[in-house]
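Working notes for the structure below.
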Amino acid sequence: MSEPLGLFGGTFDPVHYGHLRLAEEAIAHLALGGVRWIPAGQPPHRGPPRVTARQRLEMVRRATTGNPRFSVDAGEVEAAAPSYTVHTLERLRAELGDQQSLVLLVGADAFAGLATWHRWRDIFALAHVAVSHRPGFPVETASLPHELATEFNNRRLTDSGALRLSPAGGIVTFAMTQLAISATQIRKLLANGLSARYLLPDGVLDYIQLHSLYRST
Ligand code: ATP
């Protein structure tokens, strides 16, 4: 079986170094062949993003360019309908075949909300899930809703090497460099005219400035 492929969805409003380190460290810790970044078009779980889907896609392109293990998938941005992860995984499964190991990458905060996602249980038939630690969000069953905690206990793989042995169905956790960076914090800084430099790549910040994004809260 070929190397597992990481899939990293998010609003990326804007993309920052927390996202980039998550993807980079996932490749190393989970022995992924690469990571496909999938900016959400219309995220169903939250209010509308502050900038357009095209602008968020462009920022992800700028942030990931130059890393041959990263690729960007515009499928959700181009879709007219809301971005449900399960639909994206079905599309990728059809594209990549039944045998490819797929690993959905999520931060601990996103994982804690998984049981509210559309057809969430079907996700495990389509991909593995890898949960990264994030400051302030413990990854432990006590902090998860009951039905998700049950899936977590039943599906947990202690050895990430097992990700390459099956195409889907397991849950792993991995520790990444803890960076308490959030897109919310960056939007607030920019809206207040403060510097967000070194929280996100210069190329993304240049794009934000060029298009006068995030000027108000
Ligand atoms: P916002 O502050 O607008 O909610 P965010 O910074 O959490 O945004 P998202 O685009 O919502 O960014 O996150 C995409 C994915 O990246 C999620 O799975 C989230 O858990 C993860 N993530 C975001 N920031 C970090 C971080 N600093 N460390 C680890 N994971 C992160």
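Note that these values count all heavy atoms, side chains included, but never hydrogens, waters or copies made by symmetry. Both counts, for ligands and for their atoms, begin at 1 and track the order of listing.
Contact between F8 and ligand 1 is present, with at least one heavy atom of the residue lying under 4.0 Å from the ligand. Contact between R21 and ligand 1 is absent, with no heavy atom of the residue lying under 4.0 Å from the ligand. Put simply, part of L22 is less than 4.0 Å from ligand 1, judged by heavy atoms. Within the structure, the closest approach of R187 to ligand 1 falls below 4.0 Å when heavy atoms are considered. Residue contact annotation: H16 has a non-hydrogen atom under 4.0 Å from ligand 1.
Near T184, the atoms of ligand 1 lying under 4.0 angstrom from a non-hydrogen atom of the residue are 1 (P), 2 (O), 3 (O), 4 (O). Near V106, with a cut-off below 4.0 Å to any heavy atom, the atoms of ligand 1 are 18 (O). Less than 4.0 angstrom separates some heavy atom of A183 from each of these atoms of ligand 1: 1 (P), 2 (O), 3 (O), 5 (P), 6 (O), 8 (O). Within ligand 1, the atoms closer than 4.0 Å to a non-hydrogen atom of M176 are 29 (C), numbered from 1 in the order shown.
Evaluated by nearest non-hydrogen atom to atom 21 (C) of ligand 1, the leading choice among G10, G107, A23 is G107.
Ring-plane geometry between H118 and Y84 is classed as tilted, the angle between the planes lying from 30 to 60 degrees on a 0 to 90 degree scale. Taking the six-membered ring where the residue is Trp, H19 and F12 present perpendicular rings, their angle passing 60° and hence far from 30°.
Hydrophobic clustering places Y17 together with V60 (ILVMFWY residues linked when any side-chain heavy atoms are closer than 4.5 Å, directly or through intermediates).
The shortest N or O to N or O distance between I181 and ligand 1 is below 3.5 Å. Remark: ligand 1 and F12 share an N or O pair separated by less than 3.5 Å (distance only, no angle test). For ligand 1, the polar-atom distance check finds an N/O of D109 within less than 3.5 Å of one of the ligand's N/O atoms. The shortest N/O to N/O separation between T11 and ligand 1 falls below 3.5 Å.
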| request: Give the intermediate values and the outcome of side chain to side chain donor-acceptor pair (under 3.5 Å) for residues D13 and Q55. | output: CA-CA 9 Å; D13 186 22; Q55 289 168 327; over 6 Å; no

| Test salt bridge (charged side-chain N to carboxylate O under 4.0 Å, His left out) applied to D202 and R62, step by step | CA-CA 9 Å; D202 286 348; R62 285 184 173 228; over 6 Å; no

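The minimum heavy-atom distance between H16 and L199, with the atom names listed, is CB-O, 3.4 Å. Of all the heavy atoms in Q100 and L5, the pair that sits closest is NE2-N, 3.4 Å. Between R121 and E151 the shortest heavy-atom distance is NH1-OE2, 2.7 Å.
Looking at residues two or more places apart in sequence or on another chain, you find a side-chain contact (heavy atoms from CB on, under 4.5 Å) between A130 and L30, V103, L105, V172, F174.
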